[in-house]
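The structure appears right after this line, and notes come after that.
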Protein chains: 4
Amino acid sequence: MTAAYELVVELGYPGLSVEGIAARSGTGKQTIYRWWPSKADVLLDALATKADLHIPLDDTGSWAGDLQAFLAASFRVGRMPGVVHILRTLMAQAQIDQEFGQRFRVGFLQRRREALEALVERAAARGDLPAGRTARLVTRVVFGVIWYEVLAADADAGEELIEELVVLLAR
Amino acid sequence: MTAAYELVVELGYPGLSVEGIAARSGTGKQTIYRWWPSKADVLLDALATKADLHIPLDDTGSWAGDLQAFLAASFRVGRMPGVVHILRTLMAQAQIDQEFGQRFRVGFLQRRREALEALVERAAARGDLPAGRTARLVTRVVFGVIWYEVLAADADAGEELIEELVVLLAR
Amino acid sequence: MTAAYELVVELGYPGLSVEGIAARSGTGKQTIYRWWPSKADVLLDALATKADLHIPLDDTGSWAGDLQAFLAASFRVGRMPGVVHILRTLMAQAQIDQEFGQRFRVGFLQRRREALEALVERAAARGDLPAGRTARLVTRVVFGVIWYEVLAADADAGEELIEELVVLLAR
Amino acid sequence: MTAAYELVVELGYPGLSVEGIAARSGTGKQTIYRWWPSKADVLLDALATKADLHIPLDDTGSWAGDLQAFLAASFRVGRMPGVVHILRTLMAQAQIDQEFGQRFRVGFLQRRREALEALVERAAARGDLPAGRTARLVTRVVFGVIWYEVLAADADAGEELIEELVVLLAR
DNA sequence: ATTTAAGCGAGACGGTACGTCTCGTCTTGAA
DNA sequence: TTCAAGACGAGACGTACCGTCTCGCTTAAAT
């Protein structure tokens with residue numbers, strides 16, 4: 001079901017209406033309102049279902065390796081068709097719709113931040129985290145760069161950015 | 001005129017309608033459409049008019065000092081009432097409305113990026129830019145962190161983040 | 001069960017929904033659809049059950065007396081709380097819902113017409129029916145006046161109308 | 001404009017929706033809501049516009065003649081295609097929708113009643129009104145019979161009913 | 001005593017229409 | 001000639017019910 005909405009999204013637009021989702025998926029509008037509080041939440045579920053957003057947290061043996069893997073996986077997901085478009089839409093809705101914003105921040109953004117924080121803590125425990133790289137700084141820089149890329153960039157980021165970030169944050 | 005819209009915005013909402021702006025400012029809707037292609041552009045103008053977004057590019061003598069000044073000024077602007085709300089709304093609209101997105105990226109985001117790039121170039125010319133801090137990396141990190149703060153943060157950033165960033169990017 | 005719906009009606013409105021009836025009576029919607037083809041039919045049954053609509057056809061010895069008794073009984077029923085409201089609703093539904101209209105006309109209106117016709121025939125047999133008072137004319141006039149009272153009147157009819165009708169139709 | 005809705009009505013049903021009226025007439029829904037408080041009021045206007053409901057009140061010289069003319073004109077209007085259907089729908093809505101009911105009773109039913117009352121008064125002044133035919137009784141009987149015919153009859157009334165009524169009410 | 005089946009309450013489902021809202025365009029009337 | 005005021009066509013919003021459709025659960029009869 002969510003898969004169907006995904007399609008709507010890919011073709012889709014901010015001319016995406018609950019009306020349209022219902023028509024496309026062959027359901028009534030009420031059914032959608034029964035399960036999701038807003039169309040942004042449908043999108044969020046669709047994103048989670050369709051694009052498996054799992055970012056690997058396997059121990060590569062070093063902080064540099066872990067960070068490199070994390071960034072590479074993140075950019076790989078972003079290269080899937082439609083994903084960037086959905087991410088933009090979700091972040092936009094989170095600004096516009098207070099309540100969805102809350103859900104999005106807690107259920108999505110914070111969760112990802114925690115994943116990265118776990119990596120940072122592992123590095124700290126391992127002892128190969130350079131000085132001054134607090135979990136807070138690292139998450140802000142990493143997710144800041146990623147989201148800025150998604151929301152504000154005119155050109156694709158490419159591999160060099162990953163490399164530069166790894167050098168910056170892991171020496 | 002733009003000043004009046006500002007007020008609308010501060011009181012305002014994403015329940016901000018062209019209808020409402022016109023009523024509040026005592027003009028007809030048509031008059032607004034004559035001057036701005038969308039209500040987001042009104043907001044953008046209002047932001048430029050009301051909140052002087054000038055970021056000082058005066059030479060403080062060192063890259064660390066320049067960066068520190070730049071960041072401090074940026075966060076100071078963000079602490080003005082309503083500004084963060086407007087920035088969020090503009091970025092959201094830029095995702096939703098393709099054409100405004102183009103104008104916003106070129107006329108606003110890129111312009112600020114160029115300001116910071118000028119600082120980086122000055123540092124490079126001066127010779128006190130640490131290795132690996134390309135203009136591209138620095139702008140992405142700085143604006144990434146700022147925008148992430150604006151769009152995604154649950155708590156205020158505070159001064160420490162500035163300090164950490166300066167240390168990170170300027171040794 | 002029908003008694004419960006009656007209550008719904010008395011409190012009720014044309015904001016009367018099958019959903020509401022089911023909730024109020026503590027049953028499922030399906031159960032109602034199992035027994036009645038539409039909510040109007042529920043109302044019709046409720047009317048028959050709750051308000052005993054029996055109109056006395058006992059021989060009073062004269063056509064004038066019979067007619068007087070018939071009219072008095074009819075108006076008495078109409079003065080029961082809720083009955084007029086239900087009658088209005090039923091007649092309205094009969095106009096809107098073709099199939100219920102059929103059932104209502106045959107099973108309710110016609111039945112009552114036949115009762116009055118029997119009275120007219122008794123009068124004719126007795127020989128005290130004034131000239132020109134055919135069964136058809138009498139039923140149309142009597143039920144016409146009653147229903148016009150129910151559907152269109154702004155003020156209550158009162159006793160004088162009965163008297164005038166008796167004089168008109170029975171000399 | 002109202003003429004267009006008339007068409008909707010003639011094809012129409014209680015499957016008549018504001019949505020449908022708007023689509024058919026090439027307007028937006030809001031425009032309809034701007035001008036009429038409910039779709040029943042649209043119908044009422046359409047009836048007044050399309051079917052000229054003027055009932056002649058010319059003096060025929062006698063009460064019997066006046067009444068005969070009034071009844072004949074009324075039945076003639078009722079024989080126009082669609083008119084009976086609309087009348088039924090309006091009366092039904094008047095029962096269901098309190099506020100429209102008020103408007104319908106005062107602006108339509110009462111107005112017609114007054115027209116007939118004028119005839120009765122003329123007859124009284126002329127002196128050829130039989131005893132016992134008060135204005136109230138006559139209007140109730142005449143409109144009662146007409147509306148009963150419209151709302152409850154299974155077969156058409158025909159001319160004999162007019163004749164019988166004239167005899168009954170004008171000797 | 002166990003099975004079978006009917007009827008039940010509950011309520012999700014695909015739909016339709018509601019009346020409200022805002023959009024961006026078009027039309028007036030006064031200054 | 002300009003512009004405020006606001007009507008207009010369009011169409012999405014979220015709500016309310018419609019009538020149909022499973023679901024388990026409870027009886028009650030038939031085995």
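By convention in this document, chain letters (A, B, ...) are assigned in the order of the sequence lines, proteins followed by strands, and residues within each chain are numbered from 1. Source: prediction; values computed, not measured.
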Phosphate OP1/OP2 of [N] contacted by [X] side-chain N/O (<4.0 Å):
| X | N | answer |
| --- | --- | --- |
| B/K29 | F/dA7 | no |
| B/K39 | E/dT22 | no |
| C/R34 | E/dC8 | yes |
| D/T31 | F/dG9 | yes |
| A/W35 | E/dC13 | yes |

Backbone N/O of B/L151 and side chain of A/R105: donor-acceptor pair under 3.5 Å:
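Yes.
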
Can you classify the ring geometry of B/F104 versus B/W147 as parallel (below 30°), tilted (30 to 60°) or perpendicular (above 60°)?
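If you compare the ring of B/F104 with that of B/W147, the planes turn out perpendicular.
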
Given side-chain contact (heavy atoms from CB on, under 4.5 Å), test D/F108 with D/L90 step by step and report yes or no.
CA-CA 10 Å; D/F108 188 86; D/L90 290 176; 5.8 Å; no

For the pair made of [atom1] in [X] and [atom2] in [N], what is the distance, rounded to whole Å?
| X | N | atom1 | atom2 | result |
| --- | --- | --- | --- | --- |
| A/E99 | F/dG14 | CD | P | 12 Å |
| D/W36 | F/dC8 | CH2 | P | 9 Å |
| A/Q93 | F/dC13 | CD | C1' | 13 Å |
| C/I96 | F/dC18 | CD1 | P | 13 Å |
| D/I21 | E/dC18 | CD1 | P | 8 Å |

Compare the minimum distances between each of F/dC13, E/dG24, E/dC18 and the side chain of A/Y33, then state the nucleotide with the smallest one.
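Of F/dC13, E/dG24, E/dC18, F/dC13 is nearest to the side chain of A/Y33.
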
For D/V18 and for C/G28, find the nucleotide of DNA chain E with the closest heavy atom, then tell me which residue's nucleotide is more 5'.
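Its nearest nucleotide lies further toward 5', so the answer is C/G28.
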
Nearest nucleotide by nearest heavy atom, which residue falls closer to the 5' end of DNA chain F, B/A23 or D/E19?
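Checking each residue's closest nucleotide, the 5'-ward one belongs to B/A23.
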
Let me know, please, whether C/Q30 or B/G26 comes out on the 5' side of the other along DNA chain F by nearest nucleotide.
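So the residue in question is B/G26.
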
Separation between CG of D/L87 and CG of D/L43, rounded to the nearest 0.5 Å
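If I round to the nearest 0.5 Å, the distance is 10.0 Å.
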
